[in-house]
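Worksheet for the structure shown next.
Values below: all heavy atoms of this structure, side chains included; hydrogens, waters and symmetry mates excluded. Given the structure is predicted, the values throughout are model-derived calculations rather than measurements.
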Amino acid sequence: MSSYHDQTAHTYRSVRMKSHRIDWDNPPKPFKTYPESFPRIMLDAKVPSHRFLMLIGGITAQKSYPGVTYALRTNPSAGALYPTETYVQIRAVEGLEDGIYHLCALENALVRLGDLNENEGVETFLHVKKIKGFVFLFSALYYRSSWKYQTRAFRYCLLDTGHMIGTLEASCLLFKRDYCACYRLDRSRLNTLFAFENEEFFLSSVIVGEEDEVLSPQIAALRLMRVEGTGRFEADLRIEEAYRRTCTLQAEEEQHAMPAFAFDRERWEEAIWKRRSIRDFTQKPLSKEQFFETIRFVTEPIPSDCDVRVDLYAVINRVNGMEQGIWREGKYVQKGDFSKYAGYLCLEQALGEESGVTFFIVGGDAQNYQAMMQKAGIIGHRLYLIATYLGFGCSGIGAYYDDEVKAFLQCEGMILYALSLGY
């Protein structure tokens, strides 16, 4: 979907010619809540299956500014707008009743949307057999992002959903559960089943459980009414068209290998809860060992049914024991001090210049755009978590001068994401 990506690129001129006025007094709602008539299961951190769910997009803190309060979560989000919603089918999980639920971060609860009979389920939309365990479904309420970022917001919805999958991966690592991201789902029929209309749409699924080799369930008999999730809504037809055009994926290899990461369990869970976006760097250098530990973790396999290739470029600004320059796949593309230019490329943000390392994630598979962008978000979340785990900070940067970054890196394809790490 290079046409959409190209059309939403930032340039030095476009940023300064921008005329969009943001209505700060009327932001969209950051949470979707179902009526009280829907039964709730309040999550209890003492129950392992509940705690597993609480780590997936759960609220970690409140942050207040004059006239507004944000609920920070285990996942970062562009502009703290949180367009991603989480639904989950549960079957044969200890401590939880079978059913189809909305995972409501605001209430720290599972909201029961429908029963789950033995021969029913959402598996048919994922083209898999009956799953014993969890089937997560991730959707986007895109107006939460387009209210501020206009048509480029579809990029952020995909990256944010990748981050949400990253929180699920982190919880799976903690609780020693296997998982697989699924992008080959029947989005249109799922959207209809959940009564989304045009303001919300599904982007991906993640299976955490065991697949029956024989049984294929029928479609779950949900009888849902439309529940608005933003309070107000303004359609962006270009986003809706980009979504429709990227729902069909092309053939791509599956990845079945699970990531391997030797970690201290207590420190890892603490990193999940304490992850934040750093706002400035002290310019203290990272160590060479920290850099390579970061690279080892983020390049571990990501199990999925559409393993799209993405490339990771590192602009090394301040790493003890390493020369400055552009680094990719174990070697330098170019040596030199590019810190100031990296800051310029990130829309002249000091984060790109003052970091220890600024990463750019690049992809070229326009035929699998949704899977590719979400994979970039997963890698971004890994960068956040490993930075927090190792004791430094990370900040995701979704805005940059697209074509100038490509020229700087001497690469083809699309610039998907930028992230800066350091002290």
Side-chain angles (χ1 to χ4, degrees), residues 22-36 40-47 50-87 101-111 138-145 147-149 153 156-157 159-168 170-171 174 227-232 266-281 351 377 380-381 383-385 387-389 391-398 419:
I22 301 172
D23 186 359
W24 294 105
D25 293 328
N26 294 289
K29 293 193 314 181
F31 296 98
K32 181 177 182 178
T33 55
Y34 280 82
E36 293 181 359
R40 265 74 169 163
I41 298 176
M42 304 308 297
L43 297 178
D44 181 352
K46 296 178 182 179
V47 180
H50 290 210
R51 193 167 187 83
F52 170 73
L53 293 169
M54 290 171 66
L55 296 174
I56 304 166
I59 294 175
T60 59
Q62 299 282 345
K63 197 167 187 178
S64 296
Y65 296 97
V68 64
T69 298
Y70 294 103
L72 300 180
R73 312 187 196 183
T74 57
N75 57 302
S77 172
L81 300 176
Y82 299 104
T84 306
E85 292 288 337
T86 304
Y87 302 82
Y101 298 88
H102 174 238
L103 181 56
C104 182
L106 179 64
E107 301 176 34
N108 190 33
L110 284 170
V111 181
F138 295 105
S139 72
L141 283 153
Y142 76 78
Y143 182 63
R144 288 184 191 156
S145 289
W147 161 79
K148 182 177 182 181
Y149 296 116
Y156 301 142
C157 290
L159 291 174
D160 280 9
T161 301
H163 275 289
M164 189 69 85
I165 296 172
T167 68
L168 175 52
S171 193
L174 185 69
V227 174
E228 58 85 20
T230 57
R232 55 191 290 257
E266 187 173 324
R267 277 179 59 200
W268 182 248
E269 184 167 6
E270 183 179 20
I272 294 172
W273 285 115
K274 289 190 173 182
R275 180 222 57 82
R276 296 283 185 276
S277 292
I278 197 168
R279 294 305 175 198
D280 54 72
F281 294 108
L351 288 167
H381 201 74
L383 285 169
Y384 263 101
L385 287 180
T388 307
Y389 182 80
F392 47 98
C394 176
S395 187
I397 303 168
L419 299 102

Show the nearest heavy-atom pair for residues [X] and [Y], with the distance to one decimal.
X	Y	value
L419	C394	CD2-SG, 4.0 Å
R267	Y389	NH2-O, 2.6 Å
S145	L81	CA-CD1, 3.9 Å
Y384	R276	CE2-O, 3.5 Å
Y87	S139	CE1-OG, 3.4 Å
R232	N26	NH1-O, 2.6 Å

Margin query: Between L385 and I272, is the side-chain contact (heavy atoms from CB on, under 4.5 Å) condition met? List the steps.
Written below: CA-CA 7 Å; L385 287 180; I272 294 172; 4.3 Å; yes
Next item on the list: Return the set of residues passing salt bridge (Lys or Arg N to Asp or Glu O under 4.0 Å) with R40 (not counting sequence neighbours), or none when no residue passes.
Entry: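 If we apply the salt bridge (Lys or Arg N to Asp or Glu O under 4.0 Å) test to R40, skipping adjacent residues, the hits are E107.
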Notebook entry, point to check: Residues in salt bridge (Lys or Arg N to Asp or Glu O under 4.0 Å) with K148, at least two apart?
Noted result: none
Below 4.5 Å, heavy atoms only, C-beta onward: do [X] and [Y] meet side chain to side chain?
X	Y	answer
L53	T86	no
F31	I59	yes
C104	T33	yes
Y156	P83	no
P76	H381	yes
L55	T167	no

Item checked: Test: R144 cationic atom under 6.0 Å from Y82 six-membered ring centre, within 45° of axis ->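 No, R144 does not lie over the aromatic ring of Y82.
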Check: With a 3.5 Å cut-off and no angle check, do the side chains of T74 and T60 form a donor-acceptor pair?
Finding: no
Margin query: For I41 and H50: C-alpha separation, side-chain torsions, deciding distance, then whether side-chain contact (heavy atoms from CB on, under 4.5 Å) applies.
Written below: CA-CA 10 Å; I41 298 176; H50 290 210; 4.1 Å; yes
Check: Does the S171 side chain pair with the main chain of F52, one donor and one acceptor, at a distance under 3.5 Å?
Finding: yes
